[in-house]
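Read through the structure below, which is laid out as structure tokens, and then see the notes.
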Amino acid sequence: MINKSLQNIDITRFQRNLVNWYKINQRDLPWRMNQDPYRVWVSEIMLQQTKVDTVIPYFHRFMEKFPTLEDLAAADEQEVLKAWEGLGYYSRARNLQNAVREVVAEYGGEVPSDPKDLGALKGVGPYTKGAILSIAFNQAEPAVDGNVMRVFSRVLRIEEDITLQRTKKLFEIYVKEMIDKDDPSSFNQAVMELGALICTPKAPACLFCPVQEQCSAFAEGIQEELPIKKKAKKQKTLPYIVPLIKNTSDQYLIEKRQDQGLLANLWQFPMVPKEEVDNLGNWFYNEYGISIELDRKVGNLKHVFSHIIWELDIYEASTTVERLLGNDIRFVSKEEMSAYPFPVSHQKMMDYL
DNA sequence: AACACGGGGAG
DNA sequence: CTCCCAGTGTT
């Protein structure tokens, strides 16, 4: 036995309590309609670091637009990003399409059920691999996410820092011991559902918990102290000036961001880094090859990412230039803009157009 | 091991 | 405000 706490747990009883509770209390979610591996896959990618309620409308739209793996593989990347617009972590969308294309090319369009093959796909890490294997293929593989670590840190009273990689591996070992070999799909989903509905980060509803009697943390009254998690470090603030540049045809200048890093391949209004630029007109002419006039400040906006903060001063601006060379920078009307994927921060600026 | 990578909602 | 969410890829 790996953990002292595991010795004190009747695993069969734990499984039964948990899975029975899940079968009665599970939410009716669109990706639970069937076990189609493609649907499960899309849902699991969308759910990474993202709440269920946020994902639901995106999932419906995405499945309507790309009903099959082949549809997604054949789509234009910009279309996929447009469908992902506002959901965040956009590399998820690009990796998913990359992986789906690989499945079409290498596996005849069938999602591989072999753990090695599945885990080798872009964007399919240890969690997603385990989730697809258990939910779509009913294999007894662990799928350890934040919920699972919270639930088991309390049930087994594990006080390791869950931000560490080795701690996550520890949980995978525990889940392998605990998982219901007869119904791994329900078991894994049950743990996550419990984490979302009962065993919440703050003020867990222990009185309604189906495994309360087997929870070490509850027995000690320390459920609110677990899990242990090191605090993230503070974001750095980056100030920008964002000119909304209109030409004489009522079109606005937009550009495509670079193909890697933050918000890769999304579109935006030009951003001028405030601290590196003293003369905006000169800087802009050097960078973009056009002269612009800064007319007036129309607002400011703060946008918080997980690792940085943008402080954006928004200006109305104008130019006499009508056309531009290059595929990644262009003048478009307000109406045409809706076809391009924009980050949320820049969608908000469209109110000022 | 540490960091980059979005956005929203709860308390 | 702070925390956290069905994490993964890169360095």
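Chain A is the first sequence line, chain B the second, and so forth, proteins listed ahead of strands; every chain is numbered from 1.
Contact check, A:Thr128 against C:dT8: a side-chain N or O comes under 4.0 Å of OP1 or OP2. Taking side-chain N and O atoms only, A:His303 has a distance below 4.0 Å to OP1 or OP2 of B:dG7. A close approach under 4.0 Å does occur between a side-chain nitrogen or oxygen of A:Gln49 and OP1 or OP2 of C:dG7. Regarding contacts with the backbone of B:dG7, a side-chain N or O of A:Tyr90 is found under 4.0 angstrom from either OP1 or OP2. Close to B:dC5, at under 4.0 Å from its OP1 or OP2, lies a side-chain N or O of A:His307.
With C:dA6, B:dC5, C:dC5 as the candidates, the nucleotide lying closest to the side chain of A:Arg150 is C:dC5. Of the candidate nucleotides C:dA6, B:dG6, B:dG7, C:dA6 has the atom lying nearest to any side-chain atom of A:Arg27. Closest approach to the A:Gln48 side chain among C:dC4, C:dA6, C:dT8 is made by C:dT8 (side chain taken as heavy atoms from C-beta onward). Residue A:Lys202 has its side chain nearest to C:dC3 when only B:dG6, C:dC5, C:dC3 are considered. The side chain of A:Lys51 has B:dG8 as its nearest neighbour among C:dG7, B:dG8, C:dG9.
Atoms CZ (A:Phe171) and P (C:dA6) sit 15 Å apart, rounded to a whole Å. Regarding A:Ile309, its CD1 atom lies at a distance of 8 Å from the P atom of C:dC1, rounded to whole Å. If you take NZ of A:Lys233 and C1' of C:dT2, they are 18 Å apart, rounded to a whole angstrom. One can place CD1 of A:Ile135 at 13 Å from P of C:dA6, the figure rounded to the nearest angstrom. Here the P atom of nucleotide C:dG9 and the NZ atom of A:Lys122 are 7 Å apart, to the nearest Å. We find that CD of A:Gln260 is positioned 8 Å from P of C:dT11, with the value rounded to whole Å. Between the CD atom of A:Gln235 and the C1' atom of B:dA2 there is a distance of 16 Å, given to the nearest Å. Spacing between atom CD1 of A:Ile132 and atom P of C:dT8 amounts to 10 Å, rounded to whole angstrom units.
Judged by a 6.0 Å distance limit and a 45° cone about the ring axis, A:Arg61 is positioned over the six-membered ring of A:Tyr58.
Within 4.0 Å of A:Lys236, counting heavy atoms only, lies no atom of the nucleic acid at all. No engagement by A:Thr54 is indicated, since no non-hydrogen atom pair under 4.0 Å with the nucleic acid exists. Nucleic acid contact class of A:Gly195 (heavy atoms, under 4.0 Å, all strands): none. Within the 4.0 angstrom heavy-atom criterion, base atoms lie near A:Trp31. Across all strands shown, A:Leu87 has heavy atoms under 4.0 Å from base atoms, whether or not it also approaches the sugar-phosphate. Within 4.0 Å (heavy atoms only), A:Gln165 reaches at least one base atom of the nucleic acid. Nucleic acid contact class of A:Ser306 (heavy atoms, under 4.0 Å, all strands): base. Nucleic acid contact for A:Phe305: sugar-phosphate only, since backbone atoms but no base atoms lie under 4.0 Å from a heavy atom of the residue. A:Arg32 comes within contact range of at least one nucleobase, with a heavy-atom separation under 4.0 Å. Using a 4.0 Å heavy-atom cutoff across all strands shown, A:Val148 reaches no nucleic acid atom at all.
In this structure, A:Glu255 does not pair ionically with A:Arg257, as no charged nitrogen and carboxylate oxygen lie closer than 4.0 Å. Salt bridge annotation for A:Lys297-A:Asp313: present, with a cationic side-chain nitrogen under 4.0 angstrom from a carboxylate oxygen. With respect to A:Arg16 and A:Asp182, no salt bridge is recorded, no charged nitrogen being found less than 4.0 Å from a carboxylate O. Checked for salt-bridge contact, A:Glu224 and A:Lys202 miss the test: no charged N lies under 4.0 Å from a carboxylate O.
In this structure, A:Phe62 has its ring center closer than 6.0 angstrom to the ring center of A:Trp84.
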Assess whether side-chain hydrogen bond (donor to acceptor under 3.5 Å, both in side chains) is satisfied between A:Asn147 and A:Arg150, documenting all intermediate values.
CA-CA 5 Å; A:Asn147 285 310; A:Arg150 185 171 59 257; 2.7 Å; yes
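A:Thr50 contributes no side-chain N or O that forms a donor-acceptor pair with the base of B:dG8 under 3.5 Å. The base of C:dG7 does not come close enough to the side chain of A:Tyr127 for any donor and acceptor atom to sit less than 3.5 Å apart.
Comparing the C1' positions of C:dC4 and B:dG6 gives a spacing of 13 Å, expressed to the nearest Å. Between B:dG8 and C:dT8, the distance separating the two P atoms is 22 Å to the nearest Å.
Between A:Tyr240 and A:Trp310, the angle of the ring planes goes over 60°, which puts this pair in the perpendicular group of the 30/60° scheme.
With DNA chain B read from its 5' end, the first of the two nearest nucleotides for A:Lys230 and A:Leu262 is the one closest to A:Lys230. Residue A:Ser43 is the one, among A:Ser43 and A:Val124, whose nearest nucleotide of DNA chain C lies closer to the 5' end (criterion: closest heavy atom).
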